[in-house]
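Residue numbers count from 1 along this sequence. Just the heavy atoms: all of them, side chains too, but no hydrogens, waters or symmetry mates, feed the values below. All of these numbers come straight from a predicted model, not from anything done at the bench.
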Amino acid sequence: MNRLDHIVIAAESLQQGVDYIQQTLGVDIPKGGFHRTMGTYNHLMQLGNEAYLEVIAIDPAAAAPPQPRWFALDEAVMRTALASGPRLITWVMNTPDIHQLTANIDFDIGTPTPLSRDSLSWEIALTDDGRLLNGGLLPYCIQWHSQPHPSNGMADLDCTLKELTLHHNRPQWLADRLAALDATHLVKIETLPDDTAPYLTATIQTPSGIITLR
């Protein structure tokens, strides 16, 4: 069964992302690790139910990868957006068979690509240009090949993801693609006016109350 794996907060610098989580959720998110293949690094924490929160940024000490970085981090539009502050940019779905998933849908979510970090190994569907899928509203898809789920080894800071909401001006179009991914049960869809840009929000229970990230 497909599950919500994690939500992604991108930042111009990793410290800015860490500060943002401290200011919004009131917790100090611990270090994660380095993605040598992508030239990025992160901080990580549990969000309950084998889901987690990732803060990610380009690693300034790493060599630029030969391919575009994931999560649109090389795109000018993303770089401009992050210059004004960290933000929730997308989500990731955990699937038990990523090859079957990508073979059975009629739209491009990327090619299953094997990656690893320390003792963790996984495949994630990546597009050639590193773009977000539908601007981040459709999930990156991942299959973990290491057990247990990596969230079990992350810090539990008493934060729980209560709801991930996709706000879109073509809700039926979005719902149809989520159904093709077998992801409808993972999120809520809210309808936007035609002249409003789509976005996503994450509602999180924190030690100091309910907080919504956008």
Side-chain angles (χ1 to χ4, degrees), residues 2-13 16-17 19-21 23-25 40 47 51-58 68-95 101-102 105-111 124-142 159-206 209-214:
N2 296 332
R3 305 183 66 171
L4 196 156
D5 194 75
H6 65 281
I7 61 173
V8 182
I9 304 290
E12 187 173 44
S13 76
Q16 287 176 342
D19 292 344
Y20 172 74
I21 295 303
Q23 292 160 9
T24 55
L25 303 186
T40 57
L47 286 178
Y52 64 95
L53 185 152
E54 174 180 36
V55 173
I56 194 166
I58 292 174
R69 293 178 177 90
W70 49 11
F71 302 123
L73 292 176
D74 287 326
E75 293 183 7
V77 171
M78 179 65 76
R79 301 287 285 271
T80 299
L82 296 181
S84 65
R87 63 193 58 217
L88 175 65
I89 60 165
T90 193
W91 57 295
V92 180
M93 183 180 78
N94 182 356
T95 186
L101 178 68
T102 55
I105 57 174
D106 61 1
F107 54 93
D108 180 26
I109 62 167
T111 302
I124 185 167
L126 297 175
T127 56
D128 292 340
D129 56 6
R131 71 183 185 277
L132 296 177
L133 302 176
N134 189 226
L137 278 289
L138 291 179
Y140 275 72
C141 295
I142 194 169
C159 292
T160 304
L161 179 65
K162 307 300 290 185
E163 188 171 74
L164 183 65
T165 304
L166 313 180
H167 306 260
H168 205 280
N169 47 28
R170 294 290 183 272
Q172 190 56 56
W173 179 93
L174 183 61
D176 290 345
R177 278 150 181 77
L178 290 171
L181 291 168
D182 189 20
T184 308
H185 61 292
L186 302 177
V187 296
K188 179 181 178 183
I189 299 176
E190 291 285 353
T191 302
L192 289 177
D194 283 345
D195 60 350
T196 304
Y199 63 96
L200 63 164
T201 56
T203 303
I204 299 173
Q205 178 71 57
T206 76
I210 294 284
I211 302 293
T212 299
L213 302 180
R214 171 172 173 171

(Q) Between R214 and L200 (side chain of the first, backbone of the second, donor and acceptor by atom type, cut-off under 3.5 Å), is there such a pair? (A) no

Q: Determine whether L137 and Y199 make a side-chain contact, defined as any pair of heavy atoms from C-beta on separated by less than 4.5 Å.
A: no

**Q.** Side chain to side chain, D5 and M93, heavy atoms closer than 4.5 Å
**A.** no

Q | Note, F107 side chain near R177 side chain (heavy atom, < 4.5 Å) | A | yes

Q: Can you spot which of V8, L213, L161 makes a side-chain contact (heavy atoms from CB on, under 4.5 Å) with L53?
A: L213

Q: Identify the two heavy atoms, one from Y140 and one from F71, that lie closest to each other, and give their separation to 0.1 Å.
A: OH-N, 2.9 Å

Q: Return the minimal non-hydrogen interatomic distance between A72 and M78, and the atom names on each side.
A: O-CB, 3.2 Å

Q: Return the minimal non-hydrogen interatomic distance between N169 and D194, and the atom names on each side.
A: ND2-O, 3.4 Å

Q: With the side chain counted from C-beta on, respond yes when T165 and V187 share a heavy-atom pair under 4.5 Å apart, and no when they do not.
A: no

**Q.** For I109 against T102, the heavy-atom pair lying closest together
**A.** CD1-CG2, 3.7 Å

(Q) Less than 4.5 Å apart, side chain to side chain, heavy atoms only: is that true for N94 and L4? (A) no

Q.
Rounded at 0.5 Å granularity, tell me how far CD in Q205 sits from CD in E163.
A. 13.0 Å

Q.
To the nearest 0.5 Å, what is the distance between OG1 on T111 and CG on D128?
A. 6.0 Å

Q) Which heavy-atom pair separates A175 from T184 by the least distance, and what is that distance? A) O-OG1, 4.3 Å

Q) What are the two closest non-hydrogen atoms of P171 and I189, and how far apart are they? A) CB-CG2, 3.9 Å

Q. For L181, does its backbone N or O pair with a side-chain atom of N2 as donor and acceptor, under 3.5 Å?
A. yes

Q) Which word best sums up how the rings of W173 and H168 line up, parallel for under 30°, tilted for 30 to 60°, or perpendicular for over 60°? A) parallel

Q) Could you walk me through whether W70 and I56 pass the side-chain contact (heavy atoms from CB on, under 4.5 Å) check? A) CA-CA 10 Å; W70 49 11; I56 194 166; 3.6 Å; yes

Q.
Checking I204 against I210 for the side-chain contact (heavy atoms from CB on, under 4.5 Å) test, could you report, in this order, the C-alpha distance in whole Å, the side-chain angles of both residues, the deciding distance, and whether it holds?
A. CA-CA 6 Å; I204 299 173; I210 294 284; over 6 Å; no

**Q.** Side-chain donor or acceptor of N134 paired with backbone N/O of G136 under 3.5 Å
**A.** no

Q: Enter the distance from L82:CG to T80:OG1 here, rounded to the nearest 0.5 Å.
A: 9.0 Å

(Q) As an exercise, state the distance from CG of L133 to SG of C141, rounded to the nearest 0.5 Å. (A) 7.5 Å

Q | Steps toward side-chain contact (heavy atoms from CB on, under 4.5 Å) verdict (D108, R131) | A | CA-CA 11 Å; D108 180 26; R131 71 183 185 277; 3.3 Å; yes

**Q.** Distance-only polar pair, side chains of H167 and T201, donor-acceptor under 3.5 Å
**A.** yes

Q.
Strictly distance-based, threshold 3.5 Å: is any side-chain N or O of T24 a donor or acceptor partner for the main-chain N or O of Y20?
A. yes

Q) If you measure from CG on L132 to OG1 on T90, what distance do you get to the nearest 0.5 Å? A) 5.5 Å

Q.
With rounding to the nearest 0.5 angstrom, report the CG to CD1 distance, L73 to I58.
A. 5.5 Å

Q: Show your reasoning for whether side-chain contact (heavy atoms from CB on, under 4.5 Å) applies to L166 and L174.
A: CA-CA 9 Å; L166 313 180; L174 183 61; 3.8 Å; yes

Q. Does a side-chain N-to-carboxylate-O contact under 4.0 Å join R170 and D176?
A. no

Q: Find out whether I7 and L164 are in side-chain contact, i.e. whether some heavy atom of one side chain is under 4.5 Å from a heavy atom of the other.
A: yes

